[in-house]
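First comes the structure, then the notes that go with it.
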Number of protein chains: 2
Amino acid sequence: MSSDDLYPVTRLAAVREATARAGIGALLLTPGPDLRYVTGYEAHVLERLTCLVVPAEGDAFLMVPRLELAAAEHSPASRLGVEFVPWQETDDPYAQVARRLGPVAKVGLADRMWAMTSLRFRDALPGTEQVLAGSVLRDLRMRKSPAEAAALREAGAAIDAVHAQVPGFLRAGRTEREVGRDIADAIIAAGHETVDFVIVGSGPNGASPHHELSDRVIQAGEPVVVDIGGRMPSGYCSDSTRVYSVGEPPAEFAAYYDVLRRAQEAACAAVRPGATCESIDAAAREVIAEAGHGERFFHRTGHGIGLETHEDPYIVAGNAEPLAPGFAFSVEPGIYLAGAHGARIEDIVICTETGGERVNHRPRELVVV
Amino acid sequence: MSSDDLYPVTRLAAVREATARAGIGALLLTPGPDLRYVTGYEAHVLERLTCLVVPAEGDAFLMVPRLELAAAEHSPASRLGVEFVPWQETDDPYAQVARRLGPVAKVGLADRMWAMTSLRFRDALPGTEQVLAGSVLRDLRMRKSPAEAAALREAGAAIDAVHAQVPGFLRAGRTEREVGRDIADAIIAAGHETVDFVIVGSGPNGASPHHELSDRVIQAGEPVVVDIGGRMPSGYCSDSTRVYSVGEPPAEFAAYYDVLRRAQEAACAAVRPGATCESIDAAAREVIAEAGHGERFFHRTGHGIGLETHEDPYIVAGNAEPLAPGFAFSVEPGIYLAGAHGARIEDIVICTETGGERVNHRPRELVVV
């Protein structure tokens, strides 16, 4: 996919309009997903200030360290026709932004801006209220364009290709870390640019949802939770969980795995425009609670995904936001038996005009290897 | 190296005392190098709040998402004897921190805390001034302990082992990206946990200091700048630059490379306790300026290194901070001829009681391959 599809040059104008509508004087977008969304520029997060300044009125400009100038000029940001303002090592780029911007009542900071940067802006712009750029960008970022949906499908296919290889990596006697290393290699080989996380939770480790890798040796008869993801060259992320069992699992496990399977299906089936985020969470939770496992499902059902693995919308109780076409998020209920084993099934789902489209297609039945 | 050496449990008390001395009511340490320095805990940076709260008076506690609890309990943070406070998905952990902390005039935020987190703390603690935790931690973090110096030596040896292999990767006809892929593999094979950056700047790309990799085919007779680094399992970073030439380089290049070589030596030789950071920068800059290349060296001479690749102290004009034993930083002057080629030589240097100790030992002469 070309930058022009994924990061259209028209986006900057849409962002400026949304900024004005929100009553914000300017967005200050330092490197990270917000900057990449607006420009396509994947800049390093550094102590030296790189910042796209998007005033609600007037022209945007990119503050850029002198020695990043060539990289910026070769990046997709160069398509936008904004002025690049290089600063020298002994300049104060915060003061330069303040001078160029003039007085503003409110600025929107990139959601991931470091405190070392946001506090410099606070001091350089005294009396200016700081809010999150996300208050402007989230509505835009949540509604994936057709090109963004295609990028998520591409990421989904890549991580599916990794899951297809997992049975070949898993066997009794290997450690989680050994299996994890094979998976990480496969994530890159499948076309990802980075490995973002590799969770291999065998036996009791499967009961800790964010356990990653350990030197624990996988035993025969153990379920193994494999939750993996990475970032594609497009910038878009993959994230999918499947459960494998090295030989036949305990009967107790098989019973609740079946409940989990139905819960994940119910939540995916509930996806459609207008359904609230919390209703998707409830759809999964009800099935699990009815089967008496409510206490064993102690995390939200999902998170939005796009340029970040975790972004809006969150599929969680209390979030009454209605889904709209283009929203993309994980559906990943889990059931965990502390000290014994656990399970989680996860697909990325994109809300369509009429329902939900999953981008992950590996079998969701327990895979006995 | 064990956590007890690199991340001694006594550090928390030292941090608390420094916090009280600085007149700060509490540090709020979210995942990142500040949290790792104090606890050894390498937590993921996520939208869910993990935060070590270090009050100047009273007991520290770790706010931790319920589903990260097991990971936190298995981390080095569990050695510290601080209370772990798990929060559920529908709780407001910011309000919980505010309640437990009570009224405080000033809090210190982890330098890399995201704006989405710092603004939540601002709202949860109205009237509390936010400053950087770095104002307390920088003096501690800059003075590397013997265990930290050993970790930097280990990282230096690992990246030296990669540079030793670079001549085997470089030849005319290969692209920068192909060479970069070999280098990235070698960085991991040499014991790093992550590849942080791989710069292969051939010919004119060598004149852009932060150029990374491109599909440019390396030509015979071209100098190539190779600036590489990663993070070791200890948490400590490597960073070293050498210049190679694929066949004999242009005479003009060889002439300024010799100047650069002398400049880098002069700066390394100037390292000793009491010398200011800017004096180290000046030592390199003078040699280059005297030879008429002053305009071609347009970045600072170096940056501190430790748990971050770039941290205090910065070796830059205007920084009058005197060096002290344990300070560790890069010495990396460069000379760049736009459109033609460039060169940079970089070692990590640790200030000792009497001078400077380099942790990188690969030959600094131009390596003709």
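Below, chain A is the first sequence line, B the second, and so on; all start at residue 1.
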Evaluate the criterion side-chain hydrogen bond (donor to acceptor under 3.5 Å, both in side chains) for residue pair B:His44 and A:Glu212; output intermediate values, then yes/no. CA-CA 11 Å; B:His44 283 287; A:Glu212 297 192 41; 2.3 Å; yes
Is it the backbone or the side chain of B:Val45 that comes under 4.5 Å from a heavy atom of chain A, or both, or neither? neither
Between A:Val131 and B:Leu119 the two heavy atoms that sit nearest each other are C-CD1, 3.6 Å
Of all the heavy-atom pairs spanning A:Phe298 and B:Glu89, show the shortest one and how long it is. O-CG, 3.9 Å
Looking only at heavy atoms, what is the nearest atom pair of A:Asp111 and B:Trp114, with distance? O-CB, 3.5 Å
With a 4.5 angstrom heavy-atom cut-off, which part of B:Leu132 approaches chain A: side chain, backbone, both or neither? both
Select one option (side chain, backbone, both, neither) describing which atoms of B:Tyr336 are under 4.5 Å from chain A's heavy atoms. neither
Kindly give the heavy-atom pair with the smallest separation between B:Ala317 and A:Thr90, and that separation in Å. O-CG2, 3.7 Å
Any sub-3.5 Å donor-acceptor pair from A:Arg112's side-chain atoms to B:Met116's backbone N or O? no
Calculate, to the nearest 0.5 Å, the distance between atoms OG and CD belonging to B:Ser118 and A:Gln130 respectively. 7.5 Å
Working for side chain to side chain contact (heavy atoms under 4.5 Å, CB included), residues B:Arg48 and A:Arg300: CA-CA 11 Å; B:Arg48 289 188 183 98; A:Arg300 65 190 177 203; 2.7 Å; yes
Toward chain A, the part of B:Leu46 with a non-hydrogen atom under 4.5 Å: side chain
Please evaluate residues B:Glu47 and A:His310 with respect to the criterion side-chain hydrogen bond (donor to acceptor under 3.5 Å, both in side chains), reporting the C-alpha separation (whole Å), side-chain torsions for both, the decisive distance (0.1 Å), and the verdict. CA-CA 7 Å; B:Glu47 75 289 357; A:His310 290 186; 3.0 Å; yes
So which part of A:Val195 gets closer than 4.5 Å to some heavy atom of chain B, the side chain, the backbone, both or neither? neither
Heavy-atom distances under 4.5 Å only: say whether B:Ala110 touches chain A with side chain, backbone, both or neither. backbone
Donor + acceptor pair across side chains of B:Glu68, A:His210 (<3.5 Å): yes
Return the minimal non-hydrogen interatomic distance between B:Ala71 and A:Ser208, and the atom names on each side. N-OG, 4.4 Å
Max heavy-atom pairs within cutoff under 4.5 Å with chain B, candidates A:His299, A:His303, A:His74, goes to A:His299
Between B:His211 and chain A, with a heavy-atom cut-off of 4.5 Å, which part of the residue counts as in contact: side chain, backbone, both or neither? neither
